[in-house]
Amino acid sequence: MGYYVNPGSRKFKMGLNSEIYVDKSHLLAETNALFDTERRFVCLSRPRRFGKTMAANMMAAYYGSGEDAGKLFENLNISTHESYEQHLNQYTVIMINMQVFLSEEKAKASRADKALSVSDMLMRLEQVVTEELLEICPEDKFKDTENFVRVMYDAYQATKKPFVILIDEWDCLFREYKDDKASQTTYLDFLRLWLKDQAYIGLAYMTGILPIKKYGSHSALNMFDEYSMTRPRRFLDYFGFTAQEVATLCNAYDASISEIETWYNGYFVDLDKPIYNPTSVVQSLLANQIDNYWNKTETYEALKDYIALDFDGLKNKLLQMISGYAVAVNANKFTNDMTTFNSADDVLTLLVHLGYLSYNFEKKEVRIPNEEVKTEFINSIEDMKDWASVVTVIHQSRDLLQAIWHKEAEIVAKGIEAIHEQNTSILQYHDENSLACVISLALYGANTYYTIIRELPTGKGYADLVFIPRKKHLDKPAIVVELKWNKDAKGALAQIKERNYASALTDYEGNLLLVGINYDKDKKTHTCEIEQMSL
């Protein structure tokens with residue numbers, strides 16, 4: 001058992017020993033199905049803190065022939081799968097955390113006061129792996145120990161065991177040296193030479209944040225099948241926690257499922273299996289506290305830089321998403337790096353891969369997934385000058401909510417009018433959807449007290465905006481908002497009653513406020529009507 005070659009199961013044991021461990025071992029059934037096939041090259045990209053390294057540690061323990069790990073897996077889900085015993089501890093695993101090698105080389109370069117050499121980093125990788133392969137195979141089996149690919153081939157011939165190559169943080173060079181194209185090319189050429197078309201590879205599994213870098217219409221590593229935040233496909237269950245897993249945990253820790261869902265759910269909203277941020281769920285349950293836990297990761301530090309990029313329509317799209325709506329995006333042109341931006345769509349697609357946005361594959365839309373991420377967007381624009389009017393609206397939004405609670409319809413109408421006037425450079429009315437965006441921004445403070453549902457199905461149509469009090473705030477009234485364009489606020493109230501929108505609030509008992517808002521396009525004025533009823 002070595003450090004890089006067959007590293008063993010110790011790190012996986014640490015995961016198993018943790019207070020909260022969610023069994024994701026069926027991932028191995030998926031990779032077993034790809035073993036020794038043309039599809040044995042897998043690149044799985046996810047944001048930070050979504051369990052990439054833990055999965056790689058599990059694979060090292062399962063596939064590596066350095067020790068018998070059967071006892072670790074005998075009570076896990078994979079043990080019941082038909083492929084379990086066939087692959088258990090049968091192969092030579094090489095596990096590389098590329099971030100470690102990059103960091104070591106950066107430290108060396110800094111001490112020597114010279115530029116980073118990716119070639120030196122890769123030579124170091126070849127050296128340490130070769131040394132460990134020489135320890136497990138007779139030296140006379142190696143024909144050329146200076147040729148890394150030949151070393152791999154000779155070790156395979158000597159042991160008759162295919163290699164499982166696990167590369168964690170594969171994309172760190174692209175994230176830390178965004179503009180160093182020469183180093184990136186050297187790195188990609190190394191990976192291609194090491195892995196592509198090599199018979200000694202039984203499975204190659206890479207994880208990172210970014211999908212594989214594209215050059216023009218091709219990829220230097222086009223043998224890999226990619227499973228990303230825009231296309232998770234068969235690996236969806238392993239991108240985070242599923243709804244069933246979270247429900248089980250909330251039951252065990254007596255936590256509010258609705259609160260956890262509001263704060264940490266929201267990824268892959270178009271699929272039948274919604275995905276939660278796993279690290280934030282665990283942190284919240286252990287602390288017994290809903291909070292923003294993921295903002296401690298380094299990906300959030302760059303959010304402000306991306307928000308500030310001056311692409312046509314980007315600011316408007318971001319504002320719509322902060323207000324709770326989805327926006328259309330073309331994710332296909334993104335070149336999978338952090339510097340090549342040709343449009344607002346490229347920026348938004350990068351934010352999907354970083355975990356700031358969720359992507360609806362069917363509708364080709366993005367949105368902010370949950371309250372945890374939304375708070376970070378707000379934090380990022382707080383001190384940006386060209387977002388000052390928006391920040392002011394957000395800070396004042398609780399005043400407008402208070403006016404609704406007190407049924408002060410004229411104050412509500414004037415408040416919405418002022419918000420629109422202050423932000424006409426971003427928020428331009430075109431239809432009721434534009435009006436809904438303004439209202440959502442104006443009532444941003446309601447997120448503290450309510451679960452907000454946009455276009456709630458009611459059986460007789462859709463209520464534009466519905467505010468349902470959270471469990472901790474059941475003293476607040478529920479609110480149904482109907483919006484009209486060039487019509488009448490009283491007519492909006494009449495529609496709420498006529499179509500019985502209140503019937504959709506089947507689990508709610510208490511006070512209900514009906515709010516009708518109309519925008520007169522010719523006069524450029526808003527009117528509002530508010531009524532109270534009980535359920």
Side-chain angles (χ1 to χ4, degrees), residues 4-9 11-12 15-16 21-46 50-70 72-98 152 156 161-171 191 194-208 211-212 221-229 231-242 245 273 275 278:
Y4 302 102
V5 179
N6 289 332
S9 61
K11 290 182 179 179
F12 179 51
L16 289 174
Y21 172 76
V22 174
D23 185 352
K24 293 288 187 178
S25 62
H26 252 299
L27 168 66
L28 299 167
E30 297 288 351
T31 53
N32 286 348
L34 303 176
F35 203 95
D36 266 349
T37 71
E38 292 296 327
R39 301 187 63 192
R40 67 193 186 278
F41 298 94
V42 175
C43 182
L44 198 153
S45 55
R46 288 176 287 184
F50 267 69
K52 298 185 296 293
T53 300
M54 182 174 286
N57 291 335
M58 175 181 69
M59 295 174 74
Y62 174 73
Y63 286 117
S65 57
E67 65 175 273
D68 180 2
L72 297 179
F73 291 94
E74 61 184 2
N75 294 318
L76 300 183
N77 293 332
I78 185 60
S79 65
T80 64
H81 196 269
E82 60 184 2
S83 68
Y84 169 63
E85 292 188 0
Q86 177 187 350
H87 297 279
L88 177 64
N89 300 135
Q90 295 299 306
Y91 309 111
T92 304
V93 166
I94 297 177
M95 184 171 181
I96 301 293
N97 185 325
M98 205 61 74
M152 294 284 297
Y156 166 58
K161 294 177 181 178
F163 283 95
V164 173
I165 309 296
L166 306 175
I167 303 176
D168 197 13
E169 302 281 2
W170 89 270
D171 60 330
L191 292 177
W194 183 24
L195 304 175
K196 188 171 184 177
D197 297 329
Q198 301 297 355
Y200 51 70
I201 302 291
L203 176 72
Y205 179 91
M206 299 200 310
T207 69
I212 294 171
L221 301 175
N222 58 7
M223 70 283 198
F224 276 88
D225 280 336
E226 295 197 68
Y227 304 87
S228 69
M229 295 299 286
R231 297 198 70 184
R233 297 181 287 166
R234 68 192 295 164
F235 287 94
L236 172 64
D237 283 359
Y238 314 108
F239 274 77
F241 286 170
T242 65
E245 290 165 345
K273 295 180 179 179
I275 296 297

key: Glu38 atom CD, over 12 foreign heavy atoms within 6.0 Å   = no
task = Check the surroundings of atom CE in Met98: do more than 12 heavy atoms from other residues, nucleotides or ligands lie under 6.0 Å from it?
result = yes
request  = Mind running side-chain contact (heavy atoms from CB on, under 4.5 Å) on Lys24 and Glu245 for me, showing each step along the way?
outcome  = CA-CA 10 Å; Lys24 293 288 187 178; Glu245 290 165 345; 2.8 Å; yes
Give me the atom names and distance for the closest heavy-atom approach of [X] to [Y].
X	Y	answer
Ser25	Met58	CA-SD, 3.6 Å
Arg39	Val42	O-CG2, 4.2 Å
Phe224	Ala204	CE2-O, 4.0 Å
Ala56	Leu166	O-CD1, 3.5 Å
Gly240	Pro278	CA-CD, 3.9 Å
Asn89	Ala69	OD1-N, 2.8 Å

Looking at residues at least two apart in the chain, or sitting in another chain, which of them share a ring pair (Phe, Tyr, Trp, His ring centres under 6.0 Å) with [X]?
X	answer
Tyr156	none
His87	Phe35, Tyr91
Phe239	Phe268

State, with a plain yes or no, whether a side-chain heavy atom of [X] is found less than 4.5 Å away from one of [Y].
X	Y	value
Arg234	Leu34	yes
Asp168	Thr207	yes
Ile167	Leu191	yes
Val164	Tyr205	no

request  = Start with the C-alpha distance between Lys196 and Ile201, add both sets of side-chain angles, then the distance that settles side-chain contact (heavy atoms from CB on, under 4.5 Å), and finish with yes or no.
outcome  = CA-CA 9 Å; Lys196 188 171 184 177; Ile201 302 291; over 6 Å; no
[X] side-chain N/O to [Y] backbone N/O, donor-acceptor pair under 3.5 Å:
X	Y	answer
Lys52	Leu44	no
Ser9	Phe12	no
Gln86	Ser83	no
Gln90	Leu88	yes
Asn77	His26	no
Arg40	Thr37	yes

request  = Going by the side-chain contact (heavy atoms from CB on, under 4.5 Å) test, name the single residue among Met206, Gln198, Met152 that passes it with Ile165.
outcome  = Met152
request  = Please work out which of the three classes, parallel, tilted or perpendicular, describes the rings of Phe73 and Tyr84, given edges at 30° and 60°.
outcome  = tilted
query = Step by step, would you call Asn222 with Phe41 a side-chain contact (heavy atoms from CB on, under 4.5 Å)?
reply = CA-CA 9 Å; Asn222 58 7; Phe41 298 94; over 6 Å; no
Gap between atom [atom2] of [Y] and atom [atom1] of [X] - 0.5 Å precision:
X	Y	atom1	atom2	result
Asp237	Glu30	CG	CD	8.5 Å
Leu221	Leu195	CG	CG	7.5 Å
Ile275	Tyr238	CD1	OH	10.5 Å

ask   = Does the side-chain contact (heavy atoms from CB on, under 4.5 Å) test come out yes or no for Leu28 and Leu76, once each step is laid out?
value = CA-CA 11 Å; Leu28 299 167; Leu76 300 183; over 6 Å; no
message = Can you see whether Ser45 engages Glu226 through a side-chain donor-acceptor pair at a distance of less than 3.5 angstrom?
response = no
